[in-house]
Amino acid sequence: MTFTKVKFSVQALAKRNVELYEKYGRPLEKEHKGKFVAISEEGKVIVDPNDVRVAQRAIEEFGPGRFAFYKIGFKAIGKWRSICA
């Protein structure tokens, strides 16, 4: 797989995840803000305050890489960090 194909795949995956969140995750914000959600490609959701539990259940139920994963009501779960020597 070339770099261009990988880049396109990552962009397509990111777009899919945003679309899934907008359609199925955003409606959960009022009741579940701060919890974690996994959203399958078919729109099924798993919501829990524990991120590890959500991820484990999603892998078991939806399959690896077949779901979007978000903290409800937040744009990002973690931070990018740069380490300088």
Side-chain angles (χ1 to χ4, degrees):
M1 188 177 281
T2 66
F3 176 73
T4 304
K5 288 183 182 179
V6 170
K7 184 177 177 183
F8 176 76
S9 296
V10 171
Q11 289 173 339
L13 181 63
K15 182 180 179 200
R16 179 208 68 174
N17 289 351
V18 168
E19 290 170 354
L20 286 172
Y21 184 81
E22 290 301 319
K23 188 171 183 179
Y24 302 105
R26 181 126 1 245
L28 302 171
E29 288 182 355
K30 189 172 185 178
E31 187 176 342
H32 298 286
K33 187 171 183 175
K35 293 180 182 175
F36 294 90
V37 63
I39 308 167
S40 76
E41 295 171 328
E42 294 78 28
K44 295 178 184 175
V45 297
I46 298 170
V47 177
D48 196 284
N50 184 294
D51 59 340
V52 175
R53 268 196 308 258
V54 171
Q56 288 173 334
R57 283 188 54 206
I59 291 168
E60 291 170 6
E61 293 181 33
F62 309 145
R66 299 188 49 87
F67 59 92
F69 186 81
Y70 284 92
K71 186 170 185 178
I72 299 171
F74 295 85
K75 291 183 180 182
I77 294 174
K79 297 180 193 177
W80 287 100
R81 296 182 187 211
S82 176
I83 299 173
C84 299

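Index from 1, following the sequence. Both backbone and side-chain heavy atoms feed into the values below; hydrogens, waters and symmetry mates do not. Being a predicted model, the structure only gives us computed values, none of them experimental.
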Item to check | Listed partners of E31 passing salt bridge (charged side-chain N to carboxylate O under 4.0 Å, His left out), at least two apart | outcome: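 By the salt bridge (charged side-chain N to carboxylate O under 4.0 Å, His left out) rule, E31 matches no residue at all.
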Checklist entry - Does R53 have any salt bridge (charged side-chain N to carboxylate O under 4.0 Å, His left out) partners at least two apart in sequence or in another chain, and if so, which? => result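 Applying salt bridge (charged side-chain N to carboxylate O under 4.0 Å, His left out) to R53 gives D48.
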Next on the checklist: Ignoring hydrogens, what is the shortest heavy-atom contact between F74 and G34? Give both atom names and the distance.
Outcome noted: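 Answer, listing the atom of F74 first, then G34: CE1-CA, 3.9 Å.
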Checklist entry - Closest heavy-atom contact between V47 and V54? => result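 Distance-wise, the nearest heavy atoms are C-CG2, 4.3 Å.
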Checklist entry - Hey, what do you get for CZ (R66) to CD (E61), rounding to the nearest 0.5 Å? => result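 Spacing of CZ (R66) from CD (E61) equals 13.5 Å.
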Item to check | Nearest-0.5 Å distance, CD1 of residue I46 to CD1 of residue I59 | outcome: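 Reported value, rounded in 0.5 Å steps: 10.0 Å.
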Item to check | Option passing side chain to side chain contact (heavy atoms under 4.5 Å, CB included) with F69 (candidates L20, V37, D51) | outcome: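 Per the side chain to side chain contact (heavy atoms under 4.5 Å, CB included) rule, the option paired with F69 is D51, out of L20, V37, D51.
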Checklist entry - Going by the salt bridge (charged side-chain N to carboxylate O under 4.0 Å, His left out) test, which pairs reach into residues 17-26, not counting sequence neighbours? => result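 Qualifying pairs, neighbours excluded: K15-E19, E22-R26, R26-E29.
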Next on the checklist: Restricting to side chain to side chain donor-acceptor pair (under 3.5 Å), what partner residues turn up for N17, sequence neighbours left out?
Outcome noted: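 So N17 forms no side chain to side chain donor-acceptor pair (under 3.5 Å) with any residue.
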Next on the checklist: Going by side chain to side chain contact (heavy atoms under 4.5 Å, CB included), name the residues that satisfy it together with K44, two or more places apart in sequence or in a different chain.
Outcome noted: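 So K44 forms a side chain to side chain contact (heavy atoms under 4.5 Å, CB included) with S40, F62.
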Next on the checklist: By the ring-ring contact (aromatic ring centres under 6.0 Å, His included) test, which pairs, at least two apart or in different chains, include something from residues 10-31?
Outcome noted: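 Of all non-adjacent pairs touching residues 10-31, those that pass ring-ring contact (aromatic ring centres under 6.0 Å, His included) are Y21-Y70.
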